[in-house]
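Every chain is numbered from 1 and lettered A, B, ... according to where its sequence line falls, protein lines coming before strand lines. Computed from a predicted structure; not experimentally measured.
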Amino acid sequence: MEGLVLYNTRTRSKQAFAPIEAGHARLYTCGPTVYAAPHIGNLRSNLFADLLKRALQLEGLRVTQVINVTDVGHLTDDADAGEDKIEQAAARSGKSVAEIADLYTAQWLADRERTQCLPPEVICKATDHIDEQIEMVRILEAKGYSYRIDDGIYFDTARFPGYADFARLNLEGQESGARIGDVPGKRNPSDFALWKFPDPDGGKRLQEWDSPWGRGFPGWHLECSAMSSKYLGEQFDIHTGGVDHIAVHHSNEIAQSECCYDVHPWVAFWLHNEFLDLRGEKMSKSKGNVTVLDDLIAAGYPALAFRYFFLQAHYRQQQVFSDEAMEAAATGYDRLVGVAAEVRDADGDIDPAKLTPFRERFQQAVRDDLNAPRALATAWEVARSGDLAPAECWALLREFDAFLGLDLEHAEPRRSASESDPRIDALVEQRQAARAAKDFAESDRIRDELAAEGVVIEDTPDGPRWRRA
RNA sequence: GGCGGCGUAGCCAAGUGGUAAGGCACGGGACUGCAAAUCCCUGAUCCCCGGUUCGAAUCCGGGCGCCGCCUCCA
């Protein structure tokens, strides 16, 4: 079995992964635009990148992961027009741009932590790297890749012959599709802004900087090019993002980076996660019809139940999210945690030969383009295997959890959650007394009464316990 | 108009040439005073039609259906 194999969007094929620098994988993950709370679709992207990071670590690689925080320049409509989303959110809420950015950055970090995403080595904000972005535009300009129009400094995609290659774009086909509201003066429809000038009719922007071309702000695509190469080098191993970024954002990043640094390929591997399928209800932060992690938690699901849900489908496949599917995932997660809780303190001898087949199957799944569903299925085979001693079962589950990230070491199953409340405890005791007296009408009445207020009684060999449903 | 993906049991889904992983639900059983919780058992020939092949869910062609990208979006 060779090592890790990853599907590379750049070559449209699975390829064996080998880092440019031996023993060290350099990974850039397109991060959030912090103008709203991340929804569960955004979360899927984070979870996917985390899975990748864990798989790289399991290969024994040191991983440097950089994630950007977009806090300027992400416009609402066209890539070249429209309002800045962050400024819009600030105006709406009466908060400052920095407050908005800080608020949602914190929310994003909290969601990552709650779903066991490993912290990145570097988190970088676009507004902290304005100089680097300006420098890049300067170089591109010096090399003749840019031109100036009223609206800003633009990248001339015609100067980069390979522009259409990455996304396999049919530029002519696109041109025939009428494009409305284009920026006057652009030479090609695919040209994009490197540096934007404030809209003369749009009032003063909250975020502007001086540049060799005057006041303005960086084009959205620029930050990823500038920051990734600042922290990872002019060529690095892997760049991740959602499939929606392939055609525009990543094509543009590649164009400006390869022209700026004179490299090819700028990034060796490009990995993209598919979207959650909301049954036609497209979820996007700009539309407001979003489900966020806190919604799931309010519905009674542990945050990691969503991670479990995510693991059930391959990252390159659209995954249908529904209440029913989420409920099923939560039940499955709870039961797996239940098994872990039973075996994790087990002592006893471990026969390595018994572990090998499961271990191999698991590794094979991980190495085959991060096949989490198969990896998870292997964990279940272990959990339900009658042949493994508890200590052996735990040895495997613990090992697998380094990839799955389900906190099997600490998570507690719901069934062991036992609450305490003087009033309810008293009712439960009354029920016990009735049962002892074989007055089942009374004991069932008490149980029903508690059930009506959402309290579930579970009878165990050690006596009853209760919890809120 | 251009580009891409998908269609596998009630649901979420693995599987890309040799007779269909896993989870959830349903049903059956154990346990229970009865339940709940828990544990065990049980189900599909893979959207339709045609073709290639000794052999196809898996390859090719044609349908039908769904989702997405090309413009902010994970």
Side-chain angles (χ1 to χ4, degrees), chain A residues 12 30-33 35 38-49 74-83 85 167-182 189-190 220 240-249 272-280 282-287 308-309 311-314 316-333 335-336 338 342 361 365 371-381 383-384 386 413-416 435 438-440 443-444 447-448 451 456-461 464-465 467 469:
Chain A
R12 297 294 200 278
C30 263
T33 304
Y35 66 96
H39 56 63
I40 56 176
N42 296 310
L43 217 43
R44 190 181 194 206
S45 282
N46 284 276
L47 288 166
F48 148 62
H74 208 172
L75 307 180
T76 50
D77 282 315
D78 194 275
D80 314 309
E83 282 184 82
K85 289 180 174 182
R168 316 234 159 151
L169 300 174
N170 177 342
L171 294 175
E172 266 135 55
Q174 288 188 318
E175 279 172 303
S176 70
R179 190 173 153 125
I180 304 161
D182 212 341
S190 52
W220 170 47
T240 72
V243 285
D244 56 318
H245 283 152
I246 296 172
V248 177
H249 185 47
H272 295 93
N273 64 283
E274 254 297 350
F275 273 30
L276 240 35
D277 178 353
L278 283 305
R279 293 257 111 116
K282 184 175 158 110
M283 173 156 25
S284 67
K285 285 191 283 195
S286 52
K287 286 198 176 166
Y308 181 97
F309 168 83
L311 293 171
Q312 286 185 301
H314 188 93
R316 279 196 293 118
Q317 224 54 56
Q318 292 180 5
Q319 180 179 19
V320 176
F321 180 86
S322 63
D323 291 346
E324 191 181 0
M326 186 59 225
E327 180 66 30
T331 303
Y333 175 60
R335 289 194 184 146
L336 188 61
E342 273 171 35
R361 239 176 300 165
N371 196 319
R374 244 161 66 203
L376 186 60
T378 306
W380 270 109
E381 285 166 21
R384 295 251 157 102
R414 301 178 73 201
R415 68 165 182 271
S416 63
R435 292 179 72 202
K438 306 250 184 246
D439 182 358
F440 297 122
S443 67
D444 288 351
R447 187 171 64 197
D448 291 346
V456 180
I457 297 181
E458 289 172 4
D459 293 319
T460 77
R465 64 175 164 229
R467 61 182 169 80

**Item:** Partners passing salt bridge (Lys or Arg N to Asp or Glu O under 4.0 Å) against A:Asp439 (at least two apart in sequence or in another chain)
**Value:** none
**Asked** Under the salt bridge (Lys or Arg N to Asp or Glu O under 4.0 Å) test, which residues partner A:Arg44, sequence neighbours left out?
**Response** none
**Item:** Contacts of type side chain to side chain donor-acceptor pair (under 3.5 Å), residue A:Gln317, not counting sequence neighbours
**Value:** none
Should [N] form a Watson-Crick or G-U wobble pair with both distances under 3.5 Å, which nucleotide is its partner?
N     : answer
B:U45 : none
B:U52 : none
B:U32 : none
B:G65 : B:C6
B:G1  : B:C70

Would you kindly give the [atom1]-to-[atom2] distance between [X] and [N], to the nearest whole Å?
X        : N     : atom1 : atom2 : answer
A:Leu276 : B:C67 : CG    : P     : 15 Å
A:Gln319 : B:C24 : CD    : P     : 16 Å
A:Phe321 : B:A74 : CZ    : P     : 17 Å
A:Arg361 : B:G15 : CZ    : P     : 16 Å
A:Phe309 : B:C11 : CZ    : C1'   : 11 Å
A:Leu278 : B:A74 : CG    : P     : 13 Å
A:Asn273 : B:G68 : CG    : C1'   : 13 Å
A:Asp277 : B:A74 : CG    : P     : 17 Å

Take atom [atom1] in [N] and the same atom in [M], then report the distance between them in whole Å.
N     : M     : atom1 : result
B:A57 : B:A9  : C1'   : 14 Å
B:A74 : B:C3  : P     : 26 Å
B:C39 : B:C6  : P     : 35 Å
B:C48 : B:G10 : P     : 13 Å
B:G15 : B:C54 : C1'   : 23 Å
B:A21 : B:U58 : C1'   : 15 Å
B:U8  : B:G51 : C1'   : 22 Å
B:G17 : B:G1  : C1'   : 37 Å

**Request:** Please list, chain by chain and in numerical order, all residues satisfying side chain to side chain contact (heavy atoms under 4.5 Å, CB included) with A:Asn371, sequence neighbours excluded.
**Result:** A:His314, A:Ala365, A:Pro373, A:Arg374
**Pairing residues for A:Arg361 by the side chain to side chain contact (heavy atoms under 4.5 Å, CB included) criterion, not counting sequence neighbours** = A:Pro357, A:Phe358, A:Thr378, A:Glu381
**Message:** Please report the interatomic distance CD(A:Glu274) to CZ(A:Arg316), rounded to the nearest 0.5 Å.
**Reply:** 10.0 Å
**Request:** Hey, could you give me the CG/CG distance between A:Asn42 and A:Leu47, rounded to the nearest 0.5 Å?
**Result:** 11.0 Å
If the cut-off is 4.0 Å, is [X] near the phosphate of [N], judged by side-chain N/O to OP1 or OP2?
X        : N     : result
A:Arg316 : B:G4  : no
A:Asn371 : B:G15 : yes
A:Arg335 : B:U38 : yes

Distances for protein N/O vs nucleotides 16-22 of chain B N/O pairs under 3.5 angstrom?
unit_1: B:A21; atom_1: O2'; unit_2: A:Glu381; atom_2: OE2; d: 3.1

**Prompt:** Do A:Arg447 and B:A35 share a donor-acceptor pair, side chain to base, under 3.5 Å?
**Reply:** yes
**Message:** Tell me if the side-chain of A:Asp459 makes a donor-acceptor pair with the base of B:A37, cut-off 3.5 Å, by modelled atom types.
**Reply:** no
**Prompt:** Contact class for A:His314 vs. all strands (heavy atom < 4.0 Å): base, sugar-phosphate, or nothing?
**Reply:** sugar-phosphate
**Request:** Give A:Ser443 one of three labels, base, sugar-phosphate or nothing, depending on what nucleic acid heavy atoms sit under 4.0 Å from its own.
**Result:** base
**Request:** Determine, step by step, whether A:Leu276 and A:His39 satisfy the side chain to side chain contact (heavy atoms under 4.5 Å, CB included) criterion, reporting the C-alpha distance in whole Å, the side-chain angles of both residues, the deciding distance to 0.1 Å, and the verdict.
**Result:** CA-CA 11 Å; A:Leu276 240 35; A:His39 56 63; over 6 Å; no
**Prompt:** When you look at CG of A:Asp323, are more than 12 heavy atoms from neighbouring residues, nucleotides or ligands closer to it than 6.0 Å?
**Reply:** no
**Fill in**
Heavy-atom nearest nucleotide on RNA chain B taken for A:Glu324 and for A:Phe440; more 5' hit belongs to A:Glu324
**Complete:** Walking RNA chain B from its 5' end, the first of A:Arg435 and A:Glu327 to be reached, judged by nearest nucleotide, is A:Glu327
**Prompt:** Do the side chain of A:Gln319 and the main chain of A:Phe309 share a donor and acceptor less than 3.5 angstrom apart?
**Reply:** yes
**Request:** Could you please name the option among B:C6, B:A74, B:C34 that lies closest to any side-chain atom of A:Asp444?
**Result:** B:C34
